[in-house]
Amino acid sequence: MDEYKAVGKNTERVEGQDKVNGKIRYTDDLPLPGMLYTAFVRSSHAHAKILSIDHREAEKIEGVTGVFTGEDFPYLIGLYLGDKPPLAREKVRYFGEPVAVVVAHTEAAARYAAKLINVTYEPLKVLASPEEALKPDAPLIHENLSAYNHIDAILPEPGTNIGNRTRIRKGDIQAGFKAADVIIEESFSFPPGDHVFMEDRIAIAEILSDGQVVIRSSTQSPFGVQNLMSSFFQIPQRKITVITPPVGGGFGGKAGIQLEPLAFLLSREMGGRPVRIALTREEDLVSAPGAAGLHARVKLGAKKTGEFTAAEILFLFDSGGYADYAVNVSRAAAFASSGPYKLDNLQTDSLSVYTNHPFATAYRGFGHIELSFAVERAVDILSEKLGIDPVTIRLKNSIQAGETTPTQNVLDNSTGNLKECIHTVAQRLNWNNGSLRKISSTVVRAKGIACFWKAPAIPTNTQAGAIITFNNDGSVNLATGAVEIGQGILTGLAQIAAESFGMDPEMVHVVRDVITDRSPNDWTTAASRTLFMAGRAVLNAAEDAIQQIKSIASAVLACPPEDLEVADGKVFLRDEKDTMLPLSSMVNGYTYPNGTAIGGPIIGRGKYIARHLTHVDPLTGKGRPALEWTLGAEGVEVEVDLKDGSFKVLQASCAMDVGNVINPDLARGQVVGAMAMGIGYSTTEAFEFDTSQKVLNGTLRDFKILRYGEHPVYTVDFIRTPQKDGPYNARGLGEQGIIGMPGALASAFSRAVGKQLTKMPFTPEYLWKQGAAV
Amino acid sequence: MIPFDFTYSVPESVEEAVSSWFSSEQRGENPVYYSGGTEIITLCREQKIEPHAVIDIKHIPECLKINETEDYYYGAALTLNTITEKTSLSLFSAVLSRIADNTIRNKLTLGGNIMGRLPYREAVLPLLLFDAHAVIAGKEGIRSQPLSVVFDKRLLLGKGELLLGITFPAKTDAAHWVFTRKEKNGRIDYPILSVCFIKENDSIKMAVSGAFAYPLRNPEAENILNRQTLSPLQRAEKVTDYFADYYKTDFRSSAAYRKHLLKGAITEALEKLED
Amino acid sequence: MKVYNSVQELTLLINGEERTVVVRPSDTLLRTLREKLGLTGTKIGCEHGDCGACTVQINGKPVKSCLVLAVETVDKEITTIEGLENDRLKQSFVHNHGFQCGFCTSGMLMNADSLLHDHPNPTDEEVTRYLESNLCRCTGYEGIQMAVTESFYKKKDPDSHS
Ligand SMILES: Cc1cc2nc3c(=O)[nH]c(=O)nc-3n(C[C@H](O)[C@H](O)[C@H](O)COP(=O)(O)OP(=O)(O)OC[C@H]3O[C@@H](n4cnc5c(N)ncnc54)[C@H](O)[C@@H]3O)c2cc1C
Ligand code: FES
Ligand code: FES
């Protein structure tokens, strides 16, 4: 992309040097004077009445300043659905739920005291899966569901364990199935998991003497925290400041609101002193929210020639004890439930169901990774039944511009080219050389392919802002509300700003911390829409600044502003480049030789708000909830030793239509990282429960994510069908690389063991058992 | 983060260590010998143990000695990486270098692994096959006893006793061994099977961990292993049936899978060692 | 016999400096570095030996500082990310995208530096043996692999003439 100066280049990560020198400061690296520490008592039951909490011994420990239980904080908090007390009240709904907290001068005192707290429980019947929770005689996990506050888009069903139900009714499935030559119907499932970002969640709250609540938090949603805190506790918005330093990984798990309310409540109890809540890894895994599990049933019909005619889909998301983001994850899954395929007759019911598992929040892929496993499995099973190659059947049904989504939106001509993605991946995998190969008497190599799509699941009025100011040397300061969570957003935005001003990205300083009282408002750093939206806001701010620059320069250079251009640190006459002013001479006021000054600091203001989104019809799902769709395909090659099921993922390939690439290296890094996470998601990352639904693998020793040496060779190809409303034609790509991995791996492993697999994770033992059963 | 205090002492002789243990014990301090500390720190952090006296054995010469000239000797406080760098015994090295991860092995010690709470204690496996002796210090002085006597599910130490090291007669470590380790999913994990075989004087010996609740060497099983009239597979089946009640089921794997893996490992080992 | 009672003043040799610090014998090196010495480059990821975010070097060897007591390190040389002098490796991580969020990076670098010290031209097995001690959730390890293996030194290091 030679037409660009900064966009499309592998600009060095702006915060890179600090990261390799240990100088970057995350939330826990900035302790506050006088800070108090906390430790939790966590539930040893998955569902139980709290009979008593005895904390007399804990209070006697030197250094302890307070012990609190659910009864001290009678609030119900929730992102969409207010169902969660800051500490469990009356009953616990999952294993590991915080039931009491100790505040102390030292962390040691807090932890020691917490151990001395004695809680007695009366166990209640546990609900181990969405199916169990939907049985008519199932106990209610939330008896008061009808009384909970919730946003309009979420539809809980009081008297049941259903936190939300989203319906898609498109076309006529009866007619569609009638027209089918072949129909398959199958169930698929996997248990809940976790994000395992390396930085555990942490929040520090203090209340200043004038009542200003200051929260430092490792969050993807500083503004969300500010808004929600204000409404939960009736604190005026201006009295809440949220400070977010760079975050050590988020993946959705730090979106929304988490530890902040409790940190605030505890600080309030402590007379405003700073209170730190830092989760241990074990707490972060089990007590804090993770990834939803899924139980799905998919019925899919097709013509002999392979064209899909109808699908009937049921998704039961295992939301665990609380709703958090899961009620929206299930909703997003409904909106994308066909997968990236043309399906004119579609009926989907997607439910978020309470169970007694650790609760679920947003997780990279947000409903799409889950649905994709089920749908891609169904496509493979159908392709086997039809005797049509899995690549061919996907090509045949690929969605394209002009066709409609499950919510009946017509895809416009910015829609990516899925077929090219499929072809590219098939080529990378050498698909035509065969998808199953014997290596030795017990070892086989198998390939698998899957498609994916994703649109951000965002409120209709999602917005982002940008502010540009200048230094006296003409360099730029750029502030947005986007949080650096490792995705490289600061670098990408710096490149966009640099491109707009025609300057070197080095000349752009990006403000790293997001502070809600000075950073421009931004919905949340999630849904892979940050580069898109904050990028648009930066473009808008740059344009605003450039106009101001031109207007001042036009006075000095005595020319019409429209004859001027800005580049290389100068503003100059387009057709007479030597007639110019260096930006350094005028961005903070221009002074004529005689001393008279004009102008003043130039401040570029930029904004973006999602365009044309609408609410959806609760009965049919008709509406426009999705901004832009990113389409792609992924494939893997695995080597499996059938004698014991042990395997290695040899290759993982992704081709994705991203419109344009702002920074190729950073983009590749996002995709590769997401693929790696997808491999873990599919093969190791699942909670194991005993019969009472206690988590058995709640440490990093036991809950496995991918390690060095287990990673495959990656290939990443970007297809570039321009996203016409994206910044420099780019669209979102941060999460997408994870979405196709479960389907692709399932496909490959199924081929290897000779049986269509329906459950994750794919452990060697599972593969061995399935293979042996053939 | 260990949420309580303890006294930390660094004895420089066996006598100092043992007497320090007993005097702490008398003061009710619940003393522990501290070697690599990887398990002690972990358990203290989780408040599963609460020692108030920690006696570091890493300055006791007998615990740090390593000798491979006449009788082989390995001090209990040697880190696994120190041993693997120095030992000429390739089986020993192969087993030790699969415990935990490389960084941890710079801290984790031989004695700590043998004395740890976990069921795996993989360092014990080759030692069982080498007919090693444990050198143990206590109030009554130092004794050296064969593992066949003092190791039954775990090393049977008396109150306040300290493992100084492991010793066995010089070995000519031929290539006649097989070590198989299987994990649930991924190398850096506890084993669901860890098994060593050696062939010595035409007889095959085997020690197993991971599949069972403790490391085990069993004479009856070795008898079956050496019945050369049977095929390797037949012997593997008989041995794994013999262990029918031993296999563990946990979230890492089922007993049936562990049995299957052991059968595969035995078959392959026999084929290789008898080739 | 040296005995350290409940609160103790120690002198530690960290990044070439003698630092005197008051600790409890039960304080881990990790917490001592971060909370008593302001060396927050060393990260807490699990305090359980599993993630490697806390990796420092003791006498040149990589060690997980969450499983070390500060009192154990008297008379030893401790190096943390703040004192790591291998700029070539650091720049290799920057240019090869050996990190994203950066939370694993200090530990990864300390370990990789030991690897390259022990094995200047490491084989794939040696790289894996060292680096499998550290978790990274962001990168999928591709950039890390490039940053520590020869490919980098050949490809991107401007000072390398090989
Ligand atoms: C990340 C990680 C992964 C692991 N993976 C494995 C694995 O794959 N396989 C495996 O077998 N183990 C594994 N372990 C467990 C490991 O075995 C124990 O943590 C370790 O063996 C303890 O050794 P240490 O030297 O650190 O012992 P310490 O923590 O010092 O001591 C452990 C116990 O032994 C006692 N003790 C120590 N030395 C002596 C002695 N000389 N005499 C008497 N008593 C003594 C102590 O009092 C204590 O009770 C792993 C540990 C970690 C942290
Ligand atoms: S914090 Fe030490 S290994 Fe994770
Ligand atoms: S860069 Fe985020 S964990 Fe490695």
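All values below were derived from every heavy atom in this structure, side-chain atoms included, with hydrogens, water molecules and symmetry-related copies excluded. Throughout, a chain's letter reflects where its sequence line sits, starting with A, and its residues are numbered from 1.
- Under the 3.5 Å distance criterion, the side-chain polar atoms of B/T87 are left unmatched by any main-chain donor or acceptor of B/T84.
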Next on the checklist: Before you tell me yes or no, could you show the steps for C/Q91 and C/D87 under side chain to side chain donor-acceptor pair (under 3.5 Å), namely the whole-Å CA-CA distance, both residues' side-chain angles and the distance that decides it to 0.1 Å?
Outcome noted: CA-CA 6 Å; C/Q91 296 317 316; C/D87 194 53; 3.2 Å; yes
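- Chain B forms more heavy-atom pairs under 4.5 Å with one residue of C/V71, C/L131, C/N111 than with any other, namely C/V71.
- For B/F197 and B/H176, the distance between ring centers is not under 6.0 angstrom.
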Next on the checklist: B/N67 vs B/Y72, test: side chain to side chain donor-acceptor pair (under 3.5 Å). Steps then yes/no.
Outcome noted: CA-CA 5 Å; B/N67 182 12; B/Y72 284 20; over 6 Å; no
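- For the options C/L69, C/N5, C/L30, C/V63, heavy-atom pairs under 4.5 Å to chain B are most numerous at C/L69.
- Taking the centre and axis of the six-membered ring of B/F22, the NZ or CZ atom of B/K139 falls inside the cone set by 45° and 6.0 Å.
- Taking B/I41, B/I55, B/D56 one by one and counting their heavy-atom pairs under 4.5 Å with chain C, the maximum is reached by B/I41.
- With a 4.5 angstrom heavy-atom cutoff, B/Y34 touches chain C only via side-chain atoms.
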Checklist entry - What's the verdict on side chain to side chain donor-acceptor pair (under 3.5 Å) for C/E126 and C/H119, showing C-alpha distance, side-chain angles and the deciding distance? => result CA-CA 8 Å; C/E126 283 160 349; C/H119 307 280; 3.3 Å; yes
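- Proximity of a side-chain donor or acceptor of B/T82 to a complementary backbone N or O of B/L78 within less than 3.5 Å is not detected.
- The candidate from C/Q8, C/R31, C/E35 with the greatest count of non-hydrogen atom pairs under 4.5 Å with chain B is C/R31.
- Heavy-atom distances place no part of C/V7 under 4.5 Å from chain B, backbone and side chain included.
- In this structure, chain C has a heavy atom under 4.5 Å from the side chain of B/E46, while its backbone stays farther away.
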Checklist entry - Between B/Y74 and B/F92, does a ring-ring contact (aromatic ring centres under 6.0 Å, His included) hold up when you go through it step by step? => result CA-CA 11 Å; B/Y74 304 90; B/F92 200 20; 5.0 Å; yes
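- Panel note: side chain C/S133, backbone B/T103; a donor-acceptor pair is recorded below 3.5 Å.
- Identified by a heavy-atom distance below 4.5 Å to chain B, the contributing residues of residues 12-25 of chain C are C/R24, C/P25, in residue-number order.
- Chosen from C/R129, C/H48, C/E72, C/K2, the residue pairing most often with chain B at heavy-atom distances under 4.5 Å is C/E72.
- Between the side chains of B/D101 and C/Y130, no donor-acceptor pair of N or O atoms lies under 3.5 Å.
- In terms of non-hydrogen atom pairs under 4.5 Å with chain C, the most contact-rich of B/A17, B/P11, B/C44 is B/P11.
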